[in-house]
Structures are given as C-alpha cells and as structure tokens.
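This report refers to the structure that appears directly beneath it.
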Amino acid sequence: MVLWLLLLVIAIPLGLDLYMPVPEGNPLSVEKVELGRRLFRDRRLSRDRSIACSSCHDPERAFSDGRPVAIGIARQVGRRNAPALINRGYGRAFFWDGRAATLEEQVLQPIQDPKEMDMTLGEVSERVGLPPHEISRALASYVRAILSGNSRFDRFVNGDRRALSPEQQEGLRVFRGKGNCTSCHVGPNFTDERVHNTGIAWRDGSFLDEGRSAVTGQLADRGAFKTPTLREIARTAPYMHDGSRLSLEDVVEYYDRGGNANPALDSELRPLKLTASEKRSLVAFLRALSGTVSGR
Amino acid sequence: MKKTTLAIVIAIAMASASAGAQDAERLFKVAMNTELVEGNLRAAIEQYRKVAESAPRPLAARALLRMAESYQKLGDVEAQRIYERLTRDYADQREAVAIARARLRPDSRMGSRRGDRAVWTGSEVDLFGTISPDGRVLTYTDWARTNNLMLRDLQTGTSQPLTNNTTFGEFGFTNFSVISRDGQQVVFNWQPRDTGREELRIMSLQRPGLSATWRLYENQGKDFVRPFDWSPDGKRIAVLVEREDRSSQIGFIDVPSGTLRVLKSIEWRGTERIVFSPDGRYIAYALASSEFPGQEHLFVMAIDGTRETVVDADPSRNQVMGWSPNGTLLFASDRSGSTALWAVSIEEGKPKARPRLVKADIGTSWSLGLTQAGALYVWKRASIPNVVIARIDLQSDNPLDVTAPVFHRFVESRGRPQWSSDGKQLLYVSCGSTGGGPCKIFVRSMESGAVREILHTLRYVGLPRFSPDGKSIATDGTDAKGRRGVHLIDVQTGQTSEILRFEPGSSRRVLGWSADGNGVLLQLNGGSQTIVVRRDVQSGNESEILRTGRVENEIRMSPDGRFAGLLATESGVNRSLVALPIGGGAPKELFRVGSGSEINWQWQWLPDGRGVVVIAGPTGSNAPPPELWLVSLEGQSRRLNIDMSSWEESGHFRLSPDGRHAAFVAAAGNPGAEVWALENFLSGVN
C-alpha cells in the first residue's frame, strides 16, 4: 500500500535506490509535490517579484542555471554556483558548505538570503497565503520529486552491455580506477555527500572562500565543499562551487594535476598522470550520465 | 499557600534529582573515557564507584558492571564480589544481572549451558551456507577438494555434493548458498568455468545436480551479488551487490524474474548479513559506522523502501543473527565485553524497547540461520584464542611459566601480539569471530596492566607494529573505502593516516620500521627479483636496501640491520632459515629441517640480534605440535622445552625486548570450526 502511494507520487528511475530518506514529519503526497512545483516557479517568493527558485534552478538545464555564480534580486551577484537540484532527496547535507541538514531547512534559506530572494518568512507567508512550514514541506517534497536516472550508464550496469560505447566503457574504468573519482563520487548519485578541499578555492596563497570552515570554525574544513552529483553533468556547466571551470575537459585537467596544493588539500587528491586518451574517455563517460529528469 | 509551598518543594526536589541524574550520567561517560580511551583503570574504578553511589539504579548497575570489568582487566578478584553484589542487590536490573551471572559461571563457554550443542565439528565445517528450516540439513562449500556446493545431513552425519565437480572447479566455482524458508530450494553463487561470469542459481534440494538448476541472475562486469535470505513467501532473495569500485548496495532479486531492485546504496561499508522479518515486510542488517569502521550499527528497512530505522547505534560491534518468529530481532554484540546474543523487539519496523541480553559469551557473530522451532545455528571456531603474556627464562630447563600468566585475554581471532621497543607496551588485534574484520587494536601497558582500545579508522589491519619511540603504529591494512595500503596510527589519539596505497594486485608488503623510526621497510616482489626499500614516512621517498633473487616469504631485518633473514623453500615447503649479510658476503644457513617437517613463517630475531627463535615441526593434519628452537647466528640450535600444543599458528610468539616475557596466542580446544545449535532461548525472548 505504501509502495503504491509512493509510486503514485514519484517514480524512481533506473539506477537510483528505492529507499529515499523522507522525514516522517513530511511524508510525500501528490498534493504537496504539486504545491511545491507551483511555489518553485512563483516569483512572489522574491522581494521584487523578479525571480523564483526556478530562475537559478532551471528545469530545462537539469535544475542549474548555466552561470558561474547565482544572480539574485536586483542583479545581485552571489558567491557560489547554483547547484543542479537533482536527486537531492537522497542528500544528507545541503548547500555547497553542507550547512543545512534537511531539505525542509534548506529550501527556506534562499528565500531569506538578502542576496537571493531577500524575504522574511512572514512576508512570503503572507504573499502566498501559506504558513512557512507548509511552504517548506511543499518545496522539499517537490525537490524530492526531481530525479535523474535511466542514463546510458544505468542501462549498462543493469545488463545492456551496448549502452556505453567502448570509449565510455574505458572512461568508466578510468573513473573507477586510475582516476580515483569514486573516492568521492560514489554510489548511484555519484556523491559521498561529504565535504572535501580540492583546492579550487585556493588562489595566490589564500582561500577565496572558506567553504565548510565558515560553518564549523574548523581549520581542517577550510576551502572544503560538498561533493556534487555527477548526474546530468554534461548539462550543468560551468563547474565547481565557484563555476570557475567552464568545461568537463577543464575539470579533468584540473584533477589530473592533483588540484591546487594548499594546507588543507584532501588526501585523496594527487596527480593522476592520465594519458590524453584516458582524459577523452573519462569525459565521454561523464557525458553518459545524462538520463531522464523528472519533476520538470 | 501550603499546597503552593509543597509544590515548590517537590519541584525543587525533582529538579535537583534530575540535575543529580544528569551529573551521574556525565560522570559515567567520563569514567568510560577514562577506562576505554585513557586506559587508566584505577581512576576509572573510582569514578564508577562515585556513579554507583549516587546514580539511579539502572545507571548504578551499569557503573558497577563496568567497575567489575575494570577489576577483571586488572586481574583483581574484587570483580567477582561486584558481580555477586549485582546479582544479589540489583535483581530488578535484569540486563546487568544477566551479564553478571554469566561472568560468575566457572565456565561460561558455550556448551556448558542447557540447550547449546555442537552439531558438527571437523575440518570440512565452513560458514558459507545456511540451515534448513527443520534443522536437518545444512548447505556448505567443499573448499578442500572440489569446490562443490554440499549438503550436510546433521542427523546421519553424512554429506553429499549438490553440484557435479569431480576435481576442484571442474565445471565452476561456488561459495555462498541459502536454503529457502520452505526448505525446498537453495540459491547459490555459481561461476561457470567456461564463462567466468558470476551467477545466482537456484536448485531444488530434491533434485541435486547442476543440470537441474536454473539461472536467476547473472552478474554484470566484475560486480558480485551475494545472497543472504529468502523472503518467507519465496518471491524475493535479499542480496548485497558488491560493485567493481568496492562500493555496495543492499537490495533484493525477484524470483523468478531475476530483477534486481536496489534498496539502499551503502558506499564502502558492506554488511555481513541481511534477514527478512517473519512477515516479509522488512529486512534487518548491520552497517559499519562511517566514523569508526570497527563499530557496526543495526538498521531495519521496509522492503518497499519507504522507511529505514536505526534500531541500535551502540558504539560496539554488532551483527544481525536472525529474526525470531514473533518479530524479535536477534543480534550478536560485543558491547558487554565479549560477543553475546542480544534481542530487540521490532514492531512496524521500529524497536519497541531497548535491546536486552539473551545469551552471554556465545563466541561468534556468524549465524547460519534460525529454524522454524527457534533454534539458532551458528558457526564458530572450535578453539578459543587468548593472548597470553608469560614469564620466560631462556636458560631454564622449563623456560616458559604458563602456570601464572602475567596476562590472559580472550580475542576472537588473530591476536598477533607485538612489543614496543622499550617493552612497556604490547599491542594485539582482534578481528571478529571469523577473523575477517572489522579489526580492533588493543594496547596493554606492562606498567599499569591497563588495556585500552585504539580507535583507528581502518576496516582491517594486518600486522601492526610499534614505531621505535612507541608513539605510532605502522600497519598494512584496508581503509574504510576498501583500499589496501600502509597506514600510520597514533597510539594516543588513534588518528590514522595513509602512508602508501597499494595498487590492485600489488605484491608489496610491510616489513616493519626502519631503525631511525622515520621510515618503513617494504618488500617488493617483481619478476625474478625481490627488493627491500626504505620509504620515508614524511616525504614518501624510497631508497633501496637490498636486492636479491625472488623471495616469496617475508624478509625480516635483524634489529642491528646487519642481516636480512628469510625462509628458503624447497618444493614449496619452508625448509631452511637463511641470513643474508646486508653489506655483502655469503648467505648463512642458520637452521634447517628434514623432509616431512617445515619451519613456520613466524620465526623472529632475538631482540639483541644475536640469533633467532624458530617454530618448526612435522607437517600433516595429525602431526604432533611444533617445537620452539633457539638458534644462534653461528647456527647452533637448542630446542626449548615448551609445550606448543595450544599455540595458535596465526597468533605469533614474540619475546619481549628484555627477553623476560613471551607474548603469544594460545587456543584451548580443537583446531578447525564447529556448528552449534543454540536452543531454548526464545522463551525468554518471547
């Protein structure tokens, strides 16, 4: 019965876990997902009614925006790249610095961020005629319904040995082996949901963004950011928390040289010494992680 | 007015009682830290005493229990008195009393209690199968001759093959098998010799033979699917999918369609068992903690994927054993100091109450399944390994004094004691009842007698060794992501860091520390050569120390660095021990055995480097125990009159640096493994 209800609300595509950690206080329902979908596109959630959640998380771009960093109301430039909001129902930490522990908590923060939507919860509640907790639950439910799966990789893993080209299969071998990618990009969602310092924030001897450290105050967390999913990655350029890498080739080159050396560099990063052919194969494999995106 | 005053007085009293309880809880945690992390048993005992005097009865009983354990670690008979006090004065605290009673038993080994019986003992016994629902037959794998799937009739004591190999792997290879809940079918791993692709096959137990089996599932690539349990209706098989990148997923395969449904991806954590609830609506499993792989927590998940519940997150090693017919989840846990059987009632996928002890000291966490009558069948080692420290006088006619051991501690497996270079600390390892991990490292202070666990982050440790200054431990091992390498562990904090990662298939092995304590020695085998290098711990730079013809055994450097010792093989048997001078010169043969005998790989240099201690003896399953020999660099040998009959082969024999103590692993009981049936315990559970 419960399975039937769940399937009625969201269909889990090939490649993703059947189990999604939905909080008991906010069970999925068709009504909530639909309300969340409307709120997600509702520009009344921003002070000047100029932007909605979908402005930075465009359903046509796998719920990312194609810009290096997010743009808020009044053309305010944010600090970080708008992450692709796919498969976040499986997440354990939210935002690039992992500062939110639940989706219910996460969805309300951009609304209140002065550089994003700049509203108070009271104001937005009055505008849409819903109490904040209902807005939170509906938006979180909708985000849980945004799923990407059934990619060529998924079909390959599930028995269709022709779903990946020989070059992509070679890329998969690099991904799992010499590339050491699975040290962080693990599991069906290609993320360990943990933070790592890959050196991206390190420029000219200092951190441009403290990352996780700004949340925890821990020196070890300086410059550390959450591992993003790699699903739909071909459609979510530019890359990294600051959008500083424009192409997948650029990303692969960066990791091949072991990242930017800095005092808190993650021990998983080291020069990979990939050949040109291996780099091409790896990029070809990454492109095979695009599938069908639900929730659009 | 009076009523108001009374209410205020009661409120103040309640508040202060509550504050007192919180203080006691805080002090209890401090005491546990003192005992388990700092290893200061005397101080911990005083802290536990204060808790016991001031805390509410449940916490007081727990404090008394830990206090008794601390005394027990010190070898103090006060432990017995506290256990007696618990059974006498704390009858309402059933869990603590049950543990105390178990500890008070003169022989608390399984088998001494009513309802426990060994049903199969011998060299064939393995742990890859399950018991049938009626308890009559057991599946297992013949590892010695054919690699056939086998069926053991426990009533007649006979075995029969279920697959058709007449030589090892003639048609294919098998390992895990599970009998269905109706006892009619068995699902098993099968890797046909011709395709090499792992499959899950199903066979009717009424019609043995490969030709009558059918393929339920074929693995993709190098993935591996391990079957764990049939659903009660026989329509699903719970499995663990081990992916090529070492990550794992929990799921089930539909019968007969063979469709795999992944319920949950568990990164690199793996699990040792997945069992269906009696109604088939839930599965239970244990997963390693992300932070400390040595700790495993219990979960229950709805098979439709709608809910997962943490059943128990005690910071201990826990493993699912089975599910009783009335919905009580049985699990093994070492939370009380040794592996015991615990139970927790589950209702609608959630725990109804706190876990409670069912049977103390069962000596294993490996379940072969529950029968319909409620008997739990378990695999266990036939012998009980103990790390022992005894006084030794190499000049005496009876060198080893085992009648009064300095230290005697049960370990489930491994042991592998190692001394620090000053002889003040001894470390040893326990890797679970099967020996496959997760592994715990303990350090015993020879001065205080305290034993403490080092909370490292490795999943498996090979052979840990103290650095020359005793502050670090270097060990080969497997990290939480399943990768092999060399790691450094801080003895005080447990902080673990990787020195070197082994590539898949690497032949590198760790030989120990360099004399300066800044590097580790590694042995590299390649082609026809073996090279020993020193790898600097900080820089990772390597420098060659020795290059020689290929040596399959481990090379051991003498303490003064003048010689490299190695075992030379003849027809695959270790026949002689040879010392190669590092500075050049002819190799010296130090010791040799005749045909029919072998030198054990656990030989060691004497602490002063002037000779070696060698364990050697006849080969063969019924051979007499090996002998211990003292051999000088000049090749003069003297047999030491030490009874090695209880010596555990994988457990080492290590002389302390001053040569006055020996640490080794002694095992009481028979070699091999046993299958036990634990019966008549469900009435207490239900």
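Everything quoted here is computed from the prediction, not taken from an experiment. In what follows, chains carry the letters A, B, and so on, assigned in the order in which the sequence lines appear, proteins first and then strands, with residues in each chain numbered from 1.
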Among [options], which residue forms the greatest number of heavy-atom pairs with chain A at distances under 4.5 Å?
options                                : answer
B:Glu308, B:Glu498, B:Arg261           : B:Glu308
B:Arg246, B:Arg483, B:Glu244           : B:Arg483
B:Leu263, B:Leu260, B:Ile303, B:Asp245 : B:Leu263

If I compare all heavy atoms of B:Lys264 with all of A:Tyr19, which pair ends up nearest, and what's the gap?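 Of all heavy-atom pairs spanning B:Lys264 and A:Tyr19, the closest is CD-CD2, 4.2 Å.
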
Within the 4.5 Å heavy-atom criterion, are B:Gln249 and A:Asp17 side-chain neighbours or not?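 Yes, close enough: below the 4.5 Å cut-off.
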
(Q) Can you confirm whether A:Glu193 sits close enough to B:Glu267 that some side-chain heavy atom of one is under 4.5 Å from a side-chain heavy atom of the other? (A)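 A side-chain contact is absent here, since even the closest heavy-atom pair is not under 4.5 Å.
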
- Item | Pairwise salt bridge (Lys or Arg N to Asp or Glu O under 4.0 Å) hits with a residue in residues 276-288 of chain B, at least two apart |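 Applying salt bridge (Lys or Arg N to Asp or Glu O under 4.0 Å) to every pair that reaches into residues 276-288 of chain B, excluding sequence neighbours, yields B:Asp279-B:Arg281, B:Arg281-B:Glu348.
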
Problem - Interatomic distance, B:Arg501 atom CZ to A:Arg270 atom CZ [nearest 0.5 angstrom] - result: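 B:Arg501 atom CZ to A:Arg270 atom CZ measures 4.5 Å (nearest 0.5 Å).
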
Quick check on A:Asp192 against chain B: is it the side chain, the backbone, both or neither that has a heavy atom closer than 4.5 Å?
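Contact with chain B is through both the backbone and side chain of A:Asp192.
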
B:Glu218/A:Arg161 ion pair, N-O < 4.0 Å: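 Result for this pair is no, no salt bridge flagged.
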
- Task: Could you check B:Thr306 against A:Met20 for side chain to side chain contact (heavy atoms under 4.5 Å, CB included), going step by step and ending with a plain yes or no?
- Result: CA-CA 7 Å; B:Thr306 51; A:Met20 181 188 285; over 6 Å; no

Select one option (side chain, backbone, both, neither) describing which atoms of B:Glu503 are under 4.5 Å from chain A's heavy atoms.
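Neither the backbone nor the side chain of B:Glu503 comes within 4.5 Å of chain A.
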
Only heavy atoms, only distances under 4.5 angstrom. Which residues in residues 172-187 of chain A are near chain B?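 The residues closer than 4.5 Å to chain B, in numerical order, are A:Arg176, A:Asn180, A:Thr182, A:Ser183, A:Val186.
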
